[in-house]
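Residues: numbered from 1 along the sequence shown. Just follow the structure's listing: the first ligand is 1, and inside any ligand the first atom is 1.
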Amino acid sequence: MVMNVVSLAVKILQSGGVVALPTETVYGLAASMRSETAVRKVFQIKGRPLLDPLIVHMLDYTWISEYAHTDDLKVDVKALADAFWPGPLTIVLRKKSIVPAIVTAGLDFVAIRCPAHEIFRKILRAIRVPLAAPSANPFGYLSPTTAQHVRDGLGDRVPLIVDGGPCNVGVESTILDVTADVPRILRPGAIPTSDIAGVLGVTVMDYSPSTGPAAAPGQLKQHYSPNTRLILVESAEDLSSLIGSAPPEDVAFVYLKRPTEQVHERNIFWLSDGGDYRAVARGLFEMLQTLDKSGYNTIYCQKAGQDGLGITINDRLTRAAAKFVP
Ligand code: TXA
Ligand code: MG
């Protein structure tokens with residue numbers, strides 16, 4: 001009898017194994033939160049330092065009170081859950097002792113989200129324990145938005161990679177800390193700050209790279225990087241003038257939206273047809289993953305405007321390019 005992939009994933013997870021699963025944001029490398037051995041494998045497979053805590057994935061809001069304190073908060077977490085779950089919002093809460101220290105890197109706080117991908121949800125419904133899962137990439141490399149990206153990066157180290165198609169959102173969840181007096185963004189992500197502030201009806205402190213690393217351990221300045229040199233360009237005009245000065249064959253140029261002028265060069269790409277940031281975010285890691293394997297010497301990529309989802313797109317691009325900044 002052929003066991004379906006959900007049952008197989010559940011079986012592996014229940015026996016202390018690790019599986020790669022699709023979420024709506026990026027692919028995750030999942031382990032049962034209850035198994036320290038399994039969680040340790042996740043760190044090992046990714047080559048991730050133990051001081052970088054993992055996000056814990058749950059089915060819905062009713063699960064969180066078992067694992068985190070929700071009664072002493074200044075903000076309405078239920079309202080956030082109603083508005084954004086299942087979906088790409090991660091909420092940092094004070095943890096209960098049932099959450100193993102390895103998951104939170106020894107912190108008193110746990111990051112929780114409810115993923116929207118139907119396969120992930122089926123697995124949670126069947127297994128009924130939270131799954132700790134970072135993105136399913138080697139530590140520091142571009143995030144994976146297809147099963148093939150996971151195979152390319154971690155293939156032989158993961159016993160099962162569940163293919164749920166390309167991720168619909170394409171960038172990671174927004175991480176929101178609600179344990180202080182003023183809620184604050186620890187990582188810009190798929191949900192813009194203004195949407196969160198709108199639901200809460202209070203001021204939300206925006207992400208700032210200067211306060212980020214201390215508050216969200218593991219938020220490294222240099223992260224999500226391709227092997228190919230990546231250089232960011234402020235505008236479409238700047239990119240066009242670079243191309244105008246005779247494009248070398250081994251350089252790729254990436255626009256946010258389809259350029260209006262006729263483009264003949266093979267090495268010109270765009271992340272969306274019309275410039276919608278959701279489309280740009282969806283295609284961002286896929287584009288960089290593909291170009292990184294195409295033998296280019298350098299990738300020039302246009303930055304987004306610093307507003308809404310543009311902040312998240314620029315955050316990922318800036319970290320990806322950081323190791324190439326002299
Ligand atoms: O969309 C996502 O969030 C994806 C999918 C798979 O759910 N996951 C993801 O996980 O991006 P990862 O491990 O690549 O990034 C999680 C980051 C950590 O680097 C850390 O900065 C932050 O979440 N984090 C986790 N637990 C935390 C905690 N207790 N306090 C503060 N930050 C935390
Ligand atoms: Mg990651």
Side-chain angles (χ1 to χ4, degrees), residues 18-31 33 39 42-43 45-58 67-69 84-96 99-117 119-121 123-124 130-145 149-150 153-154 162 164 167-180 184-191 207 209 211-225 281 285 312 315-316 319-320:
V18 165
V19 295
L21 298 177
T23 87
E24 75 281 26
T25 59
V26 302
Y27 273 71
L29 189 62
M33 192 208 72
V39 174
V42 167
F43 283 95
I45 291 171
K46 275 185 64 92
R48 176 173 171 128
L50 287 167
L51 52 78
D52 190 352
L54 305 183
I55 294 173
V56 177
H57 298 70
M58 303 189 185
Y67 304 96
H69 297 275
F84 300 114
W85 282 354
L89 176 68
T90 295
I91 303 178
V92 172
L93 295 162
R94 202 152 56 78
K95 85 177 189 79
K96 291 190 173 172
V99 180
I102 189 170
V103 172
T104 63
L107 299 173
D108 284 337
F109 304 95
V110 58
I112 297 174
R113 88 174 189 97
C114 300
H117 199 289
I119 294 179
F120 204 125
R121 299 185 61 71
I123 291 168
L124 285 170
L131 297 177
S135 49
N137 49 332
F139 183 69
Y141 190 64
L142 299 167
S143 299
T145 56
H149 297 160
V150 184
L154 303 173
V162 179
C167 298
N168 193 37
V169 174
V171 291
E172 294 86 345
S173 61
T174 301
I175 304 181
L176 178 73
D177 176 10
V178 295
T179 62
R184 57 178 180 158
I185 305 291
L186 299 184
R187 175 178 71 182
I191 298 177
Y207 171 72
T211 57
Q219 284 293 296
L220 307 177
K221 191 174 131 227
Q222 180 182 318
H223 208 18
Y224 314 103
S225 308
F285 282 121
T312 302
D315 172 79
R316 301 305 188 267
R319 288 180 212 269

Min side-chain heavy-atom separation [X]-[Y] under 4.5 Å:
X	Y	value
T174	F84	no
Y67	V56	no
R319	S225	no
F285	R316	yes
V92	I175	yes
P138	L154	yes
H149	Y27	no
V171	D315	no

State whether E172 and R113 are salt-bridged, where the test is any N-O pair (Lys NZ or Arg NE/NH1/NH2 against Asp/Glu carboxylate O) under 4.0 Å. no
So that I can tick it off, tell me whether R94 and D108 are bridged by a salt bridge, with the cut-off set at under 4.0 angstrom between side-chain N and carboxylate O. no
Using a strict cut-off of 4.0 Å, indicate which atoms of ligand 1 neighbour a heavy atom of [X].
X	result
A111	25 (C), 26 (N), 27 (C), 29 (N)
G28	6 (C)
D52	18 (C), 19 (O), 20 (C)
R48	12 (P), 13 (O), 14 (O), 18 (C), 19 (O)
P134	10 (O), 12 (P), 13 (O)
S173	1 (O), 2 (C), 3 (O)
L186	31 (C)
I175	17 (C), 22 (C), 23 (O)

Kindly confirm or rule out an N or O of [X] lying under 3.5 angstrom from an N or O of ligand 1.
X	result
R187	yes
S135	yes
E172	no
F109	yes
R113	yes
Y27	no

My understanding is that only one of S173, C114, P115 makes a side-chain contact (heavy atoms from CB on, under 4.5 Å) with T90; could you say which? S173
May I ask you to check whether N137 brings an N, O or S atom to under 2.8 Å from the Mg ion (ligand 2)? no
Under 4.0 Å, heavy atoms only, figure out whether ligand 1 is touched by the backbone of H57, its side chain, both or neither. side chain
Contact region, T25 to ligand 1, non-hydrogen atoms below 4.0 Å, reads side chain
